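Note that the numbering runs from 1 along the sequence shown for the chain. Being a predicted model, the structure only gives us computed values, none of them experimental.
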Amino acid sequence: MTRERLEGYQKVIREIKILRLELDEMIATDSGLGHSVIFDYRDGFPRPQAVVGFDGERYDRKRRQLDRKEEESEEIRRWIEDIEDAVARQVFKLYYIDGCGWAEVAKRMGYRGNPDYPRRHIRDKYMEKCGIK
């Protein structure tokens, strides 16, 4: 696990929501339609003709992208759930998964007077112990 992957978790969650909406829209509306150009040789020479239909290739590409993003988010969630130290696990959940700021994390953890404590003494110490830079 890297710090960049943890920091990017909220972005991945937003991208998952957007991709799901796009896929649903492709199926439910005309936005999933695409067109190709074929040549019609019935008259003896090529005449370009447009063929309209569901763009399965674009849909599959977005579906694969969604699957990758979901897999990445699940991997990050599992890594956080596997943290043995309950206090560190809660700090990671609040900050990375729930998206709380450090002041909110400190408030929820009972460190109201010092919002830097969870970040510096719990998260950073755990990351240092795990060798995460």
Should the pair [X]-[Y] be classified as a salt bridge under the 4.0 Å nitrogen-to-oxygen rule?
X: R108; Y: E104; answer: yes
X: E84; Y: R89; answer: no
X: D60; Y: R64; answer: no
X: D82; Y: R78; answer: no

Closest approach of [X] to [Y] (non-hydrogen atoms, all atoms of both residues):
X: A103; Y: P115; answer: CA-CB, 3.9 Å
X: A106; Y: P118; answer: CA-CG, 3.7 Å
X: I76; Y: R5; answer: CD1-O, 3.4 Å

Is the shortest heavy-atom distance from the side chain of [X] to the side chain of [Y] under 4.5 Å?
X: W102; Y: L94; result: no
X: R123; Y: Y96; result: yes
X: V87; Y: Y126; result: no
X: E128; Y: D124; result: no
X: R120; Y: K125; result: no
X: Y117; Y: M109; result: no

- prompt: Within a radius of less than 6.0 Å around CZ of R112, do more than 12 heavy atoms belonging to other residues, nucleotides or ligands occur?
  reply: no
message: Are more than 12 heavy atoms, taken from residues, nucleotides or ligands other than R3, located less than 6.0 Å from that residue's CZ atom?
response: yes
Gap between atom [atom2] of [Y] and atom [atom1] of [X] - 0.5 Å precision:
X: R58; Y: K62; atom1: CZ; atom2: NZ; answer: 6.5 Å
X: I132; Y: E4; atom1: CD1; atom2: CD; answer: 10.5 Å
X: I16; Y: E74; atom1: CD1; atom2: CD; answer: 9.5 Å
X: L23; Y: Y59; atom1: CG; atom2: OH; answer: 5.0 Å
X: Q90; Y: I97; atom1: CD; atom2: CD1; answer: 9.5 Å
X: Y95; Y: I80; atom1: OH; atom2: CD1; answer: 11.5 Å

query: What about M26 and I18, same hydrophobic cluster or not, with Ile/Leu/Val/Met/Phe/Trp/Tyr joined at side-chain heavy-atom distances under 4.5 Å?
result: no
Keeping [X] on the side-chain end and [Y] on the backbone end, is there a donor-acceptor pair under 3.5 Å?
X: N114; Y: D116; value: yes
X: E72; Y: V12; value: no
X: D40; Y: R42; value: yes

task: For L6 and M127, run side-chain contact (heavy atoms from CB on, under 4.5 Å): C-alpha distance rounded to whole Å, both residues' side-chain angles, the deciding distance at 0.1 Å, then the answer.
output: CA-CA 11 Å; L6 287 169; M127 289 180 132; 3.4 Å; yes
message: For residues 11-20, which residue pairs pass the salt bridge (charged side-chain N to carboxylate O under 4.0 Å, His left out) check, not counting sequence neighbours?
response: K11-E15, E15-K69, R20-E70
- request: Could you tell me which residues satisfy side-chain hydrogen bond (donor to acceptor under 3.5 Å, both in side chains) with D85, sequence neighbours excluded, listed by chain and number?
  value: none
field: Pair Y9-R77, side-chain donor/acceptor within less than 3.5 Å
entry: yes
